[in-house]
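Here the structure is laid out as structure tokens; the discussion comes afterwards.
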Number of protein chains: 2
Amino acid sequence: MSPLSSGLLGDLDPTSDRAVFRQIADQLREAIDRGRFREGEKLPSEAELVDHYGVSRMTVRNSFSILQGEGLVHAEHGKGVFVRPRPPVRRLASDRFARRHREQGKSAFIVEADAAGSHPQVDSLEVKEEKASQDISTRLGSVRRVLARRRRYLLDGRPVEFATSYLPLDIARGTPIAEPNPGPGGIYARLEELGHRLDHFEEEIRARMPSPAEVKTLHLAAGVPVIHLVRTAFDSDGRPVEVCDTVMAADAYVLSYQLPAT
Amino acid sequence: MSPLSSGLLGDLDPTSDRAVFRQIADQLREAIDRGRFREGEKLPSEAELVDHYGVSRMTVRNSFSILQGEGLVHAEHGKGVFVRPRPPVRRLASDRFARRHREQGKSAFIVEADAAGSHPQVDSLEVKEEKASQDISTRLGSVRRVLARRRRYLLDGRPVEFATSYLPLDIARGTPIAEPNPGPGGIYARLEELGHRLDHFEEEIRARMPSPAEVKTLHLAAGVPVIHLVRTAFDSDGRPVEVCDTVMAADAYVLSYQLPAT
DNA sequence: CTTGCCCACTCGTCTATACGAGTAAGCGTG
DNA sequence: CACGCTTACTCGTATAGACGAGTGGGCAAG
């Protein structure tokens, strides 16, 4: 039995001043919310909805485009339109850079992912010296050039995060920090070995829609925002020693912070 | 001189395999990024672009719809399509609930906004007892019913945040917390007076596209995500005494956290 | 059985047209 | 001068049709 004859979707209200394509989107959204269509399940095809509602194809596509913008569904060329599955999320705890987590040889990302039973990967590794942007320069205290460490993180083959660390050259140049693999405990461990005892971090969080470049790098579906996190690390002299600029697929992350009430 | 004859926008590449409406969107996006169209400025009308590129109107509208999805532009019926201005953002510092900020009579929101020179407002105040959702019940330690305090925050007339606080009935019922105006220092001050000395907060942050209800409540333009923040307050006995569920217009906020490096 | 082609079905792109409705400016009337 | 109407321009909604391209199943040839 076709899903359309089974009363999953209702009729249009011609007397309503709500646009037809919105009414259709409303009905589909409600059906999804109520679980009539489950995650990953295929929605009726455009042609089926054209028949069911007696509207033109562009009207149906208009409805789908609303739901895509809300991140509820995604279209696959040649296959159909599907309810977008909610991917497993990665929780980032606020103590993830605590010194005690820095003892092991592997990076926090790898350890965490292994623990969660997923397959972690890091690629697009790039380490180079470059001119600091205005923003980075300001955050690092008026430096002109910086060491930039770029990398992309993937979980089970899916890119979830793209991060760039910036460090002042006078700190990083010629040290293991300038190597592709900085060694156990990562660059924070190296910074401390170099005499920059870390005191605290500042994190700034924004959310926005991705740029086309970010869509490409993170393989983002329509309707998925990004979380933009900029972390600055300060040593015990109060000097900023690193800025890490991170763009995360918002549907793959929950950030978690613990704050004292003092 | 029309913006279209002045070389602001280029030509289409018919040999490219990139769809025409994407090429047009690319050109408009680049013009915006380069500042050729400034914030709040009107883009060429659909009709003008139809003439300029020699395409049909639906193709131009398709281009605009891409840019709208990216949150770059917004259309106004009868007026035109405009570059979306970046609204002033509100910075939320991680110490915003520190005890020392609780001394004054006014709420943190009012004080902050006044200091920033904007006009703050709180409306949609609702205080009532209700059944706890599964999630809230879990967070508060298996309570069945809760006191819910709902309110919407506006800056200069624009809604920016919608928040609901949930408190266990055995704590809140019959206290000033159950009043629309809980008095100076807010409910956290009242909780401490009632013997629940606050120890720490946990905040969980997600970003996603808004539901239609959220679009309505926060007057969100297309392409603006929301930040969903859930804060749990714990007293010195380790008991969760409040859960605050907040949905913020992502283009109006930067969250800022300070973390120890220990 | 395997290979390769065809075909039906899917969404993607684009055109052309029509009418509705919000906006703002101009113009004429009182 | 003030008000209201007209008009031109804007985007919103909807139809009908065409062709392209990705997918997957079935069928026929080897």
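Naming convention: chains lettered A, B, ... in sequence-line order (proteins, then strands); numbering from 1 in each chain.
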Does [N] have OP1 or OP2 under 4.0 Å away from a side-chain N or O of [X]?
X	N	answer
A/Ser45	C/dT10	yes
A/Arg61	C/dG12	yes
B/Arg57	D/dC11	no

For the pair made of [atom1] in [X] and [atom2] in [N], what is the distance, rounded to whole Å?
X	N	atom1	atom2	answer
B/Phe21	C/dG12	CZ	C1'	7 Å
B/Arg18	C/dG12	CZ	P	15 Å
A/Asp51	C/dT10	CG	P	10 Å
B/Ile24	C/dT15	CD1	C1'	13 Å
A/Leu12	D/dT13	CG	P	15 Å
A/Asp17	C/dG22	CG	P	10 Å
B/Leu49	D/dC11	CG	C1'	13 Å
B/Leu43	D/dC9	CG	C1'	16 Å

Q: Using only heavy-atom distances, determine whether the side chains of A/Ser165 and A/Arg150 contain a donor-acceptor pair under 3.5 Å.
A: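 Short answer, no.
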
**Q.** Side chain of B/Ser56 (C-beta onward), nearest among C/dA16, C/dT10, D/dT13
**A.**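 Taking heavy atoms from C-beta onward, the closest nucleotide is C/dA16.
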
Q.
Salt bridge or not between A/Asp26 and A/Arg18? Use side-chain N to carboxylate O under 4.0 Å.
A. yes

Q | Carboxylate-amine/guanidinium proximity below 4.0 Å for B/Glu204 and B/Arg206 | A |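 The answer is yes: the pair qualifies as a salt bridge.
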
Q: By nearest nucleotide on DNA chain D, pick out whichever of B/His77 and B/Met58 is the more 5' one.
A: B/His77

Q.
Let me spell it out: for each of A/Lys79 and A/Thr59, pick the nucleotide of DNA chain D with the closest heavy atom. Which residue's pick is nearer the 5' end?
A. A/Thr59

Q) If only atom types and distance count, is the side chain of B/Arg96 paired as donor or acceptor with the main-chain N or O of B/Phe109 below 3.5 Å? A)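 Side chain of B/Arg96 to backbone of B/Phe109, a donor-acceptor pair under 3.5 Å: no, none is there.
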
Q.
Under 4.0 Å, heavy atoms only, any strand: does A/Arg22 hit a base, just the sugar-phosphate, or nothing?
A. sugar-phosphate

Q. Base, sugar-phosphate, or nothing: which does A/Phe64 touch, judged by heavy atoms less than 4.0 Å apart?
A. nothing

Q.
Applying salt bridge (Lys or Arg N to Asp or Glu O under 4.0 Å) to A/Arg61 and A/Glu46, what does each step give before you reach the verdict?
A. CA-CA 7 Å; A/Arg61 282 182 63 77; A/Glu46 294 176 357; 2.9 Å; yes

